[in-house]
**Q** 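There's a structure below that I have some questions on.
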Number of protein chains: 2
Amino acid sequence: MSDNHKTVKTVRRSDLARLTGCNLETIRYYENIGVMPEPPRNAKNYRCYDESHIARLNFVMRARDLGFTLEEIRDLLALVDGGMQTCAEVQALASRHLESIGAKIADLRRIQMVLSETVAQCSGENVPDCAVIDALTQSDFKLHTA
Amino acid sequence: MSDNHKTVKTVRRSDLARLTGCNLETIRYYENIGVMPEPPRNAKNYRCYDESHIARLNFVMRARDLGFTLEEIRDLLALVDGGMQTCAEVQALASRHLESIGAKIADLRRIQMVLSETVAQCSGENVPDCAVIDALTQSDFKLHTA
DNA sequence: CTTGTCTCTGTACCACCTACAGACCTTAAG
DNA sequence: CTTAAGGTCTGTAGGTGGTACAGAGACAAG
């Protein structure tokens, strides 16, 4: 019934950084670009973070670990904040992201194959002829078949 | 015996861009950062590129396609320009690059696995419960085992 | 009271480009 | 000859995703 007159326990920016593993300055950056909300300030203008900020930044860090761009993370957060009817949209977003991950892996594997084949032709000796340089110098070198 | 008094056939920046597939502005950028040499200019201060510029930019573009950073490309070019006794060094550089490609692929595959497993748990329906959001919200979520 | 550590702000820097403004110059058509 | 369209020149700003540092203010310990 009665409002709790005790102030919510808050932490400072350095604590939030420590608790989430996020770089101190990056927190301010995320606030600037709107990925994190501007937190309340105390009398001395210091930022005061509560549990919700910790949870949100953890969310952001995990999404970042999964390779989502900040733009995608912003979209995910909007869906989370939106609340209802989100699963289909989140799934779509994650699936698109999975596709781009698959494409990146395919690209890297193609590069890996071409480069490892080329390196394998190297004598590895202190001679001027080098298969890698030759490959890069030859005008018919093409990585992309397109 | 006699010097050829004819000037070497040169092309302009837009032609170099077209011939190599490099963006017009990127050429100037590469000159600024020393990846490409400053070309001679004509009376009107226009850049004049010859065959050597075309070959060098092609080299840079191919190395870029293989995912070498500009720093690595600079190193490759220095080795090429150095001339003798380079194969071992080039091979070492390329091998290091291959390692980092392998690491990137491993990272992406780990992400791919975690995310695809998570997405598979989505109902895909218009409901508020979403496995992806749940995973990102849960405090025990960890991608990196470290 | 001084020293050290924290916070605040703005701003500059990293890779790797891309793009645009404003000033020139060239070319082709009318 | 004139004019309009296009190319070239320069410097500089923007984008992504941060990182770092300078300079000012706050605060606790010795």
Side-chain angles (χ1 to χ4, degrees), chain A residues 10-50 53 56-57 59-77 97 100-101 104 107 111, chain B residues 10-50 53 56-57 59-77 96-97 100-101 104 107-108 111:
Chain A
T10 61
V11 298
R12 290 169 300 175
R13 190 150 58 107
S14 57
D15 298 317
L16 181 61
R18 192 176 32 75
L19 289 167
T20 58
C22 185
N23 178 289
L24 181 73
E25 301 279 31
T26 303
I27 294 170
R28 193 159 61 101
Y29 171 68
Y30 284 167
E31 288 163 10
N32 284 338
I33 65 168
V35 161
M36 288 292 290
E38 287 281 347
R41 307 292 182 109
N42 69 10
K44 290 299 172 193
N45 200 31
Y46 285 20
R47 290 169 176 82
C48 298
Y49 299 100
D50 61 27
H53 296 99
R56 197 178 187 90
L57 188 50
F59 183 100
V60 171
M61 298 299 281
R62 284 170 204 139
R64 220 179 60 169
D65 280 346
L66 287 175
F68 285 94
T69 65
L70 285 181
E71 193 54 45
E72 290 170 327
I73 292 173
R74 242 191 291 259
D75 292 345
L76 282 174
L77 287 168
H97 184 51
S100 84
I101 289 170
K104 263 181 209 152
D107 276 354
I111 290 168
Chain B
T10 61
V11 297
R12 289 170 301 173
R13 191 149 58 106
S14 57
D15 298 317
L16 181 61
R18 192 175 34 73
L19 289 167
T20 59
C22 185
N23 179 289
L24 180 74
E25 300 279 30
T26 303
I27 295 171
R28 193 159 59 102
Y29 171 69
Y30 285 167
E31 287 164 9
N32 284 337
I33 65 168
V35 161
M36 287 291 291
E38 287 283 348
R41 308 290 183 109
N42 69 11
K44 289 301 172 191
N45 202 32
Y46 285 20
R47 290 168 177 79
C48 298
Y49 299 100
D50 60 26
H53 296 101
R56 196 176 187 90
L57 188 50
F59 183 100
V60 171
M61 297 300 281
R62 283 168 205 142
R64 222 179 60 170
D65 279 347
L66 287 176
F68 285 94
T69 65
L70 286 180
E71 192 53 45
E72 290 170 328
I73 293 173
R74 240 191 293 258
D75 292 346
L76 283 173
L77 287 168
R96 277 198 300 279
H97 184 50
S100 84
I101 289 170
K104 263 181 208 151
D107 277 354
L108 286 171
I111 291 169

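Just so it is clear: chains get the letters A, B, ... in the order the sequence lines come, proteins before strands, and each one is counted from 1.
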**Q** Can you name the one residue among A:V60, A:T69, A:V35 that meets side-chain contact (heavy atoms from CB on, under 4.5 Å) with A:R74?
**A**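 Checked A:V60, A:T69, A:V35 against A:R74; only one passes side-chain contact (heavy atoms from CB on, under 4.5 Å): A:V35.
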**Q** To the nearest Å, how far apart are A:R41 CZ and D:dA26 P?
**A**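 These atoms are roughly 14 Å apart.
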**Q** Rounded to the Å, how far apart are A:N42 CG and D:dA26 P?
**A**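 From A:N42 CG to D:dA26 P: 11 Å.
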**Q** How about B:L16 and B:C22: do any of their side-chain heavy atoms sit closer than 4.5 Å?
**A**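 Not touching, per the 4.5 Å side-chain cut-off.
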**Q** Per the end-axis method with five pairs at each terminus, what is the bend angle of the helix from C:dC1-D:dG30 to C:dG30-D:dC1, to 10°?
**A**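 So the angle between the two local helix axes works out to 30°.
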**Q** Do B:P39 and B:R12 come within less than 4.5 Å of each other through their side chains, counting heavy atoms only?
**A**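 A side-chain contact is absent here, since even the closest heavy-atom pair is not under 4.5 Å.
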**Q** Tell me: CG of A:L24 to P of C:dT7, nearest whole Å?
**A**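 From A:L24 CG to C:dT7 P: 6 Å.
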**Q** Could you tell me the separation between the CG atom of A:L16 and the C1' atom of C:dC6, rounded to a whole number of Å?
**A**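 Rounding to the nearest Å, CG of A:L16 and C1' of C:dC6 are 16 Å apart.
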**Q** Establish, with yes or no, whether the OP1 or OP2 oxygen of C:dC6 is under 4.0 angstrom from a side-chain nitrogen or oxygen of A:R12.
**A** no
**Q** State whether B:T69 places a side-chain N or O below 4.0 Å from either non-bridging phosphate oxygen (OP1 or OP2) of C:dA15.
**A** no
**Q** Is any NZ, NE, NH1 or NH2 atom of the basic residue among B:R62 and B:D65 found under 4.0 Å from an Asp or Glu carboxylate oxygen of the other?
**A**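 Result for this pair is no, no salt bridge flagged.
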**Q** Quick one: the side chain of A:R64 and the base of D:dG18, do they pair up donor-acceptor inside 3.5 Å?
**A** no
**Q** Does D:dG7 have OP1 or OP2 under 4.0 Å away from a side-chain N or O of B:R13?
**A**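 No, B:R13 has no side-chain N/O under 4.0 Å of OP1/OP2 on D:dG7.
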**Q** Under 4.0 Å between a side-chain N/O of B:T26 and OP1 or OP2 of C:dT18, yes or no?
**A**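 Yes, because at least one side-chain N or O of B:T26 sits under 4.0 Å from OP1 or OP2 of C:dT18.
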**Q** Does B:Y46 get its side chain close enough to the base of D:dG7, under 3.5 Å, for a donor-acceptor pair?
**A**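 In this structure, the two groups form a donor-acceptor pair.
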**Q** Relative to the 5' end of DNA chain D, which residue comes earlier, B:C48 or B:N32, by the nucleotide with the nearest heavy atom?
**A** B:C48
**Q** Has B:Y29 got a side-chain N or O lying under 4.0 Å from the OP1 or OP2 atom of C:dT18?
**A** no
**Q** Rounding to a whole Å, what distance do you find between A:L57:CG and D:dG18:C1'?
**A** 14 Å
**Q** Using the side-chain heavy atoms of B:S14, tell me which of these nucleotides is nearest: D:dG18, D:dC9, D:dT8.
**A**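 Given the options D:dG18, D:dC9, D:dT8, the side chain of B:S14 is closest to D:dT8.
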**Q** Taking for each residue the nucleotide of DNA chain D with the nearest heavy atom, is it A:N23 or A:K44 whose nucleotide lies nearer the 5' end?
**A**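 Nearest-nucleotide comparison on DNA chain D picks A:N23.
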**Q** Any donor-acceptor pair under 3.5 Å joining the side chain of B:R28 to the base of D:dG11?
**A** yes
**Q** With nearest nucleotide decided by heavy atoms, which residue, A:D15 or B:Y30, maps closer to the 5′ end of DNA chain C?
**A**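 Its nucleotide being nearer the 5' end, the pick is A:D15.
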**Q** To the nearest angstrom, how far is B:R18 atom CZ from D:dT8 atom P?
**A** 10 Å
**Q** If you compare all heavy atoms of A:P37 against all heavy atoms of A:R56, which two are closest, and at what distance to 0.1 Å?
**A** CD-CD, 3.8 Å
**Q** If you go through the side-chain atoms of B:E25, does one of them form a donor-acceptor pair with the base of C:dC20 closer than 3.5 Å?
**A**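 Checked by distance alone, the answer is yes.
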**Q** Taking all non-hydrogen atoms of both residues into account, name the closest pair between B:P40 and B:H53 and its distance.
**A**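 B:P40 and B:H53 have their closest heavy atoms at CD-CE1, 4.1 Å.
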**Q** Specify the separation, in whole Å, of atom CZ of A:R47 and atom P of C:dC6.
**A**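 It is 17 Å, rounded to the nearest whole Å.
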**Q** What is the distance, rounded to the nearest whole Å, between atom CD1 of B:I27 and atom C1' of C:dT18?
**A** 13 Å
**Q** Are B:E31 and B:R47 side-chain neighbours, meaning at least one heavy-atom pair lies under 4.5 Å?
**A**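 In short, these two side chains touch, coming nearer than 4.5 Å.
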**Q** With a 4.5 Å heavy-atom cut-off, do B:C48 and B:R41 have their side chains touching?
**A**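 B:C48 vs B:R41: side chains apart.
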